[in-house]
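One structure is given below, encoded as structure tokens.
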Amino acid sequence: MGFTCAQELELRSVGAEDADQLSEFPCRRFKQPWTDVVEELVRLQLGDALAAGNAKALGLWDGARLVAVAAWRMKASASGLVCSSILIAVRNDGASGKGCATRLKDHLVDIAIDDGCVAVASEVHRDNDAMLRINEKLGAHMEWSTPDGSYLACVVPLRRLL
């Protein structure tokens, strides 16, 4: 649409009351089949997870229009609390490549630090170059997490960022 970068967008919560925005959220991209999975998560599962209190989400909004969304949940681990990033998705209608995913991931790191987490963990498809670069810039440790090598576990340690 008309915005030029993520900084122009309002950062605010996404809740169950935003189910209409979630159910119509387009992020599927031709030649990137992993986006089918992400779009299905946003459209079919995220609203229910938010309503049940099983996840939290933030969005970048252009007025009443959801442009990008990040969802996560906190999980206890042997080393401490971990922020498990469920997804970061950006609309496929001109919003990608404008810094939306980076802004959401950076804010998620800030939330995790404020909540006392030791890491932010996510699963990223091997073909999702943009998200792999974002995690790499944050100093993520990456290793294959599926037997077929289609997903990487990306863990951003937070102790060094404190």
Side-chain angles (χ1 to χ4, degrees), residues 1-75 82-112 115 120-138 140 142 144-146 148-156:
M1 293 287 264
F3 65 91
T4 58
C5 75
Q7 297 307 320
E8 297 174 7
L9 302 173
E10 179 186 5
L11 178 69
R12 64 179 161 89
S13 313
V14 175
E17 67 277 6
D18 299 307
D20 59 330
Q21 287 284 324
L22 296 171
S23 68
E24 298 174 0
F25 194 86
C27 65
R28 188 171 292 166
R29 290 178 179 84
F30 183 66
K31 294 186 179 181
Q32 294 179 331
W34 57 269
T35 61
D36 293 352
V37 174
V38 174
E39 187 173 273
E40 181 177 325
L41 284 170
V42 174
R43 288 183 166 198
L44 302 177
Q45 298 176 25
L46 184 54
D48 290 342
L50 293 170
N54 295 330
K56 293 181 180 180
L58 278 175
L60 291 175
W61 297 82
D62 184 10
R65 181 173 165 262
L66 181 62
V67 173
V69 61
W72 70 94
R73 62 178 56 103
M74 300 299 185
K75 292 185 173 183
V82 173
C83 177
S84 178
S85 176
I86 301 166
L87 63 88
I88 294 179
V90 179
R91 290 180 70 98
N92 65 2
D93 58 0
S96 60
K98 309 272 197 245
C100 294
T102 299
R103 183 171 175 205
L104 286 171
K105 185 74 175 204
D106 287 345
H107 197 75
L108 185 55
V109 166
D110 291 342
I111 289 169
D115 285 352
V120 174
S122 57
E123 296 257 332
V124 179
H125 193 275
R126 69 174 178 230
D127 294 334
N128 189 346
D129 294 329
M131 190 53 66
L132 290 171
R133 280 192 306 274
I134 290 168
N135 278 286
E136 185 177 45
K137 285 180 183 176
L138 289 169
M142 297 185 212
W144 297 112
S145 62
T146 56
D148 66 355
S150 58
Y151 283 86
L152 288 125
C154 299
V155 178
V156 177

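Below, all heavy atoms of this structure are taken into account, side chains as well, without hydrogens, waters or symmetry copies.
Considering CZ of R29 and CH2 of W34, their distance stands at 6.0 Å, rounded to 0.5 Å. Atom CD1 in I88 sits 7.0 Å away from atom OG in S122 (nearest 0.5 Å). Between atom OG of residue S150 and atom CG of residue N128 there is a gap of 12.5 Å, rounded to the nearest 0.5 Å. Once rounded to the nearest 0.5 Å, the distance linking CD of E136 with CG of D129 reads 10.5 Å.
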Exercise for the section: Carefully, step by step, assess C83 and L108 under the rule side-chain contact (heavy atoms from CB on, under 4.5 Å). Expected result: CA-CA 8 Å; C83 177; L108 185 55; 3.6 Å; yes
Handout entry: S145/L152 under side-chain contact (heavy atoms from CB on, under 4.5 Å): CA gap, chis, key distance, verdict
Key = CA-CA 5 Å; S145 62; L152 288 125; 5.6 Å; no
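Taking both residues in full, the closest heavy atoms of V120 and S85 are given as CG1-CB, 4.4 Å, listed atom of the first, atom of the second, then distance. M74 approaches A112 most closely through the heavy-atom pair CE-CA, 4.5 Å. Between E39 and P26, the shortest heavy-atom contact is OE1-CA, 3.3 Å.
Counting only heavy atoms from C-beta outward, the side chains of W72 and L87 never approach each other to under 4.5 Å. The shortest distance between side-chain heavy atoms of L46 and V69 falls below 4.5 Å. Using a 4.5 Å cut-off on side-chain heavy atoms (C-beta onward), Q32 and T35 make contact. Put simply, the side chain of L58 reaches to within 4.5 Å of the side chain of I111, judged on heavy atoms. Taking 4.5 Å as the limit, some side-chain heavy atom of L11 sits within range of a side-chain heavy atom of H107.
Within a 6.0 Å radius of NZ in K105, other residues, nucleotides and ligands contribute more than 12 heavy atoms.
At distances below 3.5 Å, at least one donor-acceptor pair connects side-chain atoms of N135 with backbone N or O atoms of M131. With hydrogens and angles disregarded, no donor-acceptor distance shorter than 3.5 Å links the side chain of S84 to the backbone of K75. For R43 (side chain) and L41 (main-chain N/O), no donor-acceptor pair under 3.5 Å exists by modelled atom type. Side-chain atoms of R91 do not come within 3.5 Å of backbone N or O of V67 as any donor-acceptor pair. A donor-acceptor distance shorter than 3.5 angstrom exists from the side chain of R126 to the backbone of G149, with no hydrogens or angles considered. Side-chain atoms of N92 come within 3.5 Å of backbone atoms of R28 as a donor-acceptor pair (strictly under, hydrogens ignored). Distance alone, capped at 3.5 Å, is enough to place a donor-acceptor pair between the R103 side chain and the L9 backbone. Under a 3.5 Å cut-off, the side chain of S96 and the backbone N or O of V90 do not form any donor-acceptor pair.
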List the atom pairs, with distances to 0.1 Å, where a side-chain N or O of residues 12-24 and a protein N or O form a donor-acceptor pair under 3.5 Å, not counting sequence neighbours.
unit_1, atom_1, unit_2, atom_2, d
R12, NE, E10, OE1, 3.4
R12, NH2, G63, O, 3.2
D18, OD2, G15, N, 2.9
Q21, OE1, L66, N, 2.9
Q21, NE2, A64, O, 3.0
S23, OG, A19, O, 3.3
S23, OG, D20, O, 3.1

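Residues forming a side-chain contact (heavy atoms from CB on, under 4.5 Å) with L44 (at least two apart in sequence, or on another chain): E40.
A salt bridge is defined here as a Lys NZ or Arg NE, NH1 or NH2 lying under 4.0 Å from an Asp or Glu carboxylate O, and R65 with D93 meets this definition.
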